[in-house]
Amino acid sequence: MYPNNPHNESKTLTVSAIIATGFAIAGLVVGVVMGSLVIAFDGVYSLVSLLLTLLSLVAATQLKKPNSALAKYGRTTVEGTVIAIKASVILLIVLASLYSAVTAIFGGGRPVDTSIATIFGLFNVIGCALSWWYIAKKNVALNSNLIDAETKQWQMDTMLSVAVMTGFIAAWVLEQSPFAAYSVYADPMMMILISAYFIKVPAVMLKDACEQLSSPQSKQVSTSNA
């Protein structure tokens with residue numbers, strides 16, 4: 001195995017970007033057609049994941065070139081900066097989802113077509129879980145901070161898909177019960193719970209990235225190129 005092999009790192013990030021593109025397009029199209037804010041949000045998250053993956057891919061590609069503008073800052077500084085940006089954006093997305101869910105609760109809930117939504121949710125869960133497994137497996141071989149951040153990104157995407165599908169299933173169960181009127185609250189409640197869980201992941205990523213940027217090695221490289 002070749003830890004931090006630039007070619008394999010870029011290849012893995014490219015595969016991740018292609019997969020994220022498929023999920024983003026599928027989520028946005030199905031969300032708009034069904035009028036489901038949750039599925040559309042899942043598509044938006046996948047789109048953001050794609051943009052963040054492309055950011056990692058650019059960084060990995062530039063680090064392969066010794067004379068590039070980014071390479072002169074050193075891998076530690078570049079990786080720390082990219083991960084900090086990814087963590088900050090993901091944190092904003094999580095907070096936005098939390099706000100959306102709370103707004104939906106006070107706005108009378110969010111009705112969904114539970115049958116179609118559950119099938120699409122299952123497709124998303126399986127796809128995201130397989131992608132998470134693939135990227136995590138690659139990270140074991142590459143031992144790359146950029147791939148590690150990508151792994152956490154897919155982990156969050158998988159958990160989001162699980163939360164969305166669980167919300168749809170819960171809504172369907174409620175629809176069959178005497179409490180059918182409350183089924184519209186199932187989806188936003190699940191979103192609130194998963195958002196509360198998600199906050200920790202990007203927060204830890206951001207903390208680790210800041211520590212990496214403030215490390216002596218990072219400062220030394222920055223000083224030597226000043």
Side-chain angles (χ1 to χ4, degrees), residues 8 11-54 56-57 86 89-90 93-94 96-97 100-101 110-142 144 146-176 183 186-202 205:
N8 291 333
K11 182 179 178 180
T12 300
L13 290 170
T14 300
V15 171
S16 180
I18 293 174
I19 297 173
T21 300
F23 280 113
I25 295 175
L28 289 173
V29 171
V30 174
V32 170
V33 171
M34 289 184 57
S36 170
L37 294 177
V38 180
I39 295 179
F41 172 81
D42 198 15
V44 169
Y45 182 84
S46 295
L47 181 60
V48 171
S49 295
L50 169 62
L51 296 177
L52 294 177
T53 297
L54 292 177
S56 293
L57 182 58
K86 294 180 73 166
V89 173
I90 292 174
I93 293 296
V94 171
S97 71
S100 175
R110 182 181 296 164
V112 294
D113 185 337
T114 56
S115 56
I116 298 178
T118 300
I119 294 174
F120 182 77
L122 179 61
F123 166 79
N124 261 5
V125 169
I126 295 174
C128 288
L130 289 175
S131 301
W132 176 19
W133 171 81
Y134 171 79
I135 301 299
K137 183 179 179 181
K138 288 294 183 180
N139 187 47
V140 172
L142 296 173
S144 163
L146 292 178
I147 303 300
D148 183 60
E150 197 71 13
T151 301
K152 293 176 181 176
Q153 194 170 303
W154 276 108
Q155 176 186 5
M156 292 183 65
D157 212 346
T158 301
M159 294 301 296
L160 174 60
S161 297
V162 170
V164 171
M165 186 182 71
T166 302
F168 290 143
I169 293 175
W172 180 84
V173 171
L174 283 175
E175 285 175 354
Q176 315 309 312
S183 63
D187 175 53
M189 279 304 299
M190 288 302 301
M191 187 71 77
I192 289 175
L193 293 175
I194 202 64
S195 295
Y197 169 79
F198 272 172
I199 287 177
K200 179 182 178 181
V201 179
M205 286 175 62

Can you give me the closest heavy-atom contact between A101 and P188, atom names plus distance? CB-O, 3.4 Å

Inter-residue atom distance T151.OG1 - N139.CG, 0.5 Å rounding: 4.5 Å

Is the backbone N or O of G127 less than 3.5 Å from a side-chain atom of S131, with the two atoms forming a donor-acceptor pair by type? yes

Please give me the minimum heavy-atom distance between T118 and T114, naming the atom from each residue. OG1-O, 2.6 Å

Residues 14-26, side-chain donor-acceptor partners within the protein, below 3.5 Å, at least two apart:
unit_1, atom_1, unit_2, atom_2, d
T14, OG1, S10, O, 2.8
S16, OG, E150, OE2, 2.6
S16, OG, W154, NE1, 2.7
T21, OG1, A17, O, 2.8

In Å, rounded to the nearest 0.5 Å, how long is the span from CD1 of I135 to NZ of K152? 15.0 Å

Here the gap from L142 atom CG to D148 atom CG, rounded to the nearest 0.5 Å, amounts to 11.5 Å

Which heavy atom of G121 sits nearest to which heavy atom of M165, and what is that distance? C-SD, 3.8 Å

To the closest 0.5 Å, what do you measure between NZ (K138) and CG (L13)? 11.5 Å

Distance (rounded to the nearest 0.5 Å) between T158 OG1 and M156 CE: 11.0 Å

To the nearest 0.5 Å, how far apart are CD1 in I169 and CG in L122? 8.0 Å

Can you establish whether the number of heavy atoms outside Y134 located under 6.0 Å from its atom OH is more than 12? yes

